[in-house]
Amino acid sequence: MTFHPSGPASDEEMSLPDVLILEPAGEHCWRICDTRFEAGLGRFLAVIDEQDGRFAVMQTALGFVWTTFPTIADAVSHVVRTSARQAHGDSVAERS
């Protein structure tokens, strides 16, 4: 699935597996959710918040983990990668 976010990064394309969605959560904020779950913690994977031209990702898999990226595409790619590893039992160990 390809997304074209609105805002400063609107020229970027991001690919997500068909089960994940990127939805607006505010003017400079997005949620990544897993559509296989109707509600609850399984549905929510991460929040991406634009701060001073960078994109901070907050994930809750193993407590609150914050990671910052230069583009929203990099932030989304990180969530996709780490979410896939979590599904296979690996831990989130990447931080920047």
Side-chain angles (χ1 to χ4, degrees):
M1 199 174 277
T2 303
F3 291 89
H4 302 274
S6 60
S10 60
D11 58 333
E12 297 185 60
E13 291 185 7
M14 294 167 286
S15 293
L16 289 175
D18 288 338
V19 297
L20 301 183
I21 58 171
L22 179 69
E23 58 187 25
E27 188 174 341
H28 300 280
C29 187
W30 301 265
R31 285 184 293 262
I32 296 183
C33 297
D34 187 329
T35 61
R36 293 173 290 188
F37 299 91
E38 283 191 38
L41 290 178
R43 182 173 174 81
F44 173 79
L45 298 177
V47 169
I48 300 174
D49 185 32
E50 183 185 2
Q51 302 171 352
D52 300 321
R54 294 186 54 84
F55 295 85
V57 175
M58 188 274 296
Q59 293 173 282
T60 59
L62 302 171
F64 288 99
V65 177
W66 285 94
T67 314
T68 305
F69 298 92
T71 70
I72 192 168
D74 291 337
V76 168
S77 293
H78 169 78
V79 174
V80 170
R81 260 190 335 273
T82 57
S83 296
R85 277 197 299 246
Q86 291 167 32
H88 292 97
D90 298 335
S91 66
V92 177
E94 296 180 34
R95 295 182 187 211
S96 65

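Values reported hereafter were calculated over all heavy atoms of this structure, with side chains retained and with hydrogens, waters and symmetry mates removed.
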To the nearest 0.5 angstrom, please state how far the CD1 atom of Ile48 sits from the CG atom of Asp74. 10.5 Å
Nearest-0.5 Å distance, OG1 of residue Thr71 to CZ of residue Arg54: 9.5 Å
Determine, stepwise, if the pair Trp30 / Ile72 fulfils side-chain contact (heavy atoms from CB on, under 4.5 Å). CA-CA 10 Å; Trp30 301 265; Ile72 192 168; 3.6 Å; yes
Taking all non-hydrogen atoms of both residues, which atom of [X] and which atom of [Y] are closest, and how far apart?
X	Y	answer
Pro24	Arg31	O-NH2, 3.6 Å
Cys33	Phe44	SG-CA, 4.5 Å
Phe55	Ala75	CB-CB, 4.1 Å

Looking at residues at least two apart in the chain, or sitting in another chain, which of them share a side chain to side chain donor-acceptor pair (under 3.5 Å) with Glu38? none
For Glu27, give me all partners under side chain to side chain donor-acceptor pair (under 3.5 Å), at least two apart in sequence or on another chain. none
Is there a side-chain contact between Cys29 and Glu50, using heavy atoms and a 4.5 Å cut-off? no
Whether the side chain of Thr35 engages the backbone of Val19 through a donor-acceptor N/O pair (distance < 3.5 Å, no angle test) should be reported. yes
Would a hydrophobic clustering, with Ile, Leu, Val, Met, Phe, Trp and Tyr connected at side-chain separations under 4.5 Å, put Ile32 with Phe37? no
Step-by-step side-chain contact (heavy atoms from CB on, under 4.5 Å) determination, Arg43 to Ile21: CA-CA 10 Å; Arg43 182 173 174 81; Ile21 58 171; 3.6 Å; yes
Show the numbers, then the answer: is there a side-chain contact (heavy atoms from CB on, under 4.5 Å) between His78 and Arg81? CA-CA 5 Å; His78 169 78; Arg81 260 190 335 273; 3.7 Å; yes
Partner residues of Ala46 under the side-chain contact (heavy atoms from CB on, under 4.5 Å) criterion, sequence neighbours left out: Val57, Gln59, Val79
